[in-house]
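Taking it in order: structure first as structure tokens, then the write-up.
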Amino acid sequence: MSHAEPERGATPNARLRHAIALAGRRALAGARAQARAALDEAPDDPLVATVAGLVLFVTRDYGESLDALARAAALGAPPRVHWLRRERAARLGWE
């Protein structure tokens, strides 16, 4: 996968796969943009919110990350997502 944007009309899941690949290459601005785009395109999808939240933690957008994980939990994500949010917040000393 290249640094290029996913194809026009890419699914939120494709954007998240691209975001993960970019984050792995430390291209954090691109990863952040892809995670945000996925959230905008699928605001009611708990899986998208979970993965985007984790990507945003890696990109050091901590507030957005915790918000996305909270959204995922509110949308009915598995209990593990509640734990992830609490664990990430505790790492930051935010809870």
Side-chain angles (χ1 to χ4, degrees):
M1 192 175 279
S2 71
H3 287 279
E5 292 281 320
E7 290 180 24
R8 185 180 192 136
T11 66
N13 289 343
R15 289 192 180 283
L16 291 172
R17 285 191 302 273
H18 191 64
I20 292 166
L22 290 170
R25 291 195 283 281
R26 308 304 295 162
L28 301 183
R32 176 182 303 114
Q34 291 302 310
R36 288 174 176 165
L39 280 171
D40 289 345
E41 293 167 7
D44 297 324
D45 186 323
L47 179 60
V48 168
T50 300
V51 176
L54 294 173
V55 169
L56 290 166
F57 195 86
V58 170
T59 63
R60 297 184 179 100
D61 296 286
Y62 302 124
E64 282 183 84
S65 169
L66 297 178
D67 289 347
L69 292 171
R71 180 192 306 182
L75 290 169
R80 176 84 172 155
V81 175
H82 295 275
W83 179 86
L84 280 170
R85 186 193 175 286
R86 285 191 310 273
E87 187 270 337
R88 296 296 187 263
R91 269 195 208 182
L92 298 168
W94 290 9
E95 280 192 15

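- With sequence neighbours excluded, the residues satisfying side chain to side chain contact (heavy atoms under 4.5 Å, CB included) with Ser65 are Leu56, Phe57, Leu69.
- At a threshold of 4.5 Å between non-hydrogen side-chain atoms, the residues Leu28 and Arg60 count as touching.
- Of all heavy-atom pairs spanning Val58 and Ala23, the tightest one is CG1-CB, 4.1 Å.
- For residues 63-76, the set of pairs meeting the salt bridge (Lys or Arg N to Asp or Glu O under 4.0 Å) definition, not counting sequence neighbours, comprises Arg36-Glu64.
- The heavy-atom pair separating Arg85 from Ala70 by the smallest distance is NE-CB, 3.6 Å.
- The ring pair (Phe, Tyr, Trp, His ring centres under 6.0 Å) pairs that include a residue from residues 70-95 number zero, where partners must be two or more places apart or lie in different chains.
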Could you tabulate the donor-acceptor pairs under 3.5 Å formed by side-chain atoms of residues 42-50, not counting sequence neighbours?
{"residue": "Asp45", "atom": "OD1", "partner": "Leu47", "partner atom": "N", "Å": "2.8"}
{"residue": "Asp45", "atom": "OD1", "partner": "Val48", "partner atom": "N", "Å": "3.2"}
{"residue": "Thr50", "atom": "OG1", "partner": "Pro46", "partner atom": "O", "Å": "2.8"}

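- Here the CG-CZ distance, from Leu84 to Arg86, works out to 9.5 Å after rounding to the nearest 0.5 Å.
- The shortest heavy-atom contact between Ala35 and Val55 is CB-CG1, 3.9 Å.
- Under 3.5 Å, the side chains of Asn13 and Thr11 contain no donor-acceptor pair of N or O atoms.
- Listed for the Arg32 side chain is a donor-acceptor partner under 3.5 Å among the backbone atoms of Thr59.
- For the residue pair Ala37 and Arg15, the shortest heavy atom distance occurs at CB-CD, 3.7 Å.
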Side chain to side chain contact (heavy atoms under 4.5 Å, CB included) between Leu66 and Arg88, worked out: CA-CA 8 Å; Leu66 297 178; Arg88 296 296 187 263; 3.8 Å; yes

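- Shortest non-hydrogen contact noted between Leu39 and Ala68 is CD1-CB, 4.1 Å.
- For Arg91, the side chain to side chain donor-acceptor pair (under 3.5 Å) partners are Glu87, not counting sequence neighbours.
- Here the shortest heavy-atom pairing between Gly30 and Leu22 reads C-CD1, 3.5 Å.
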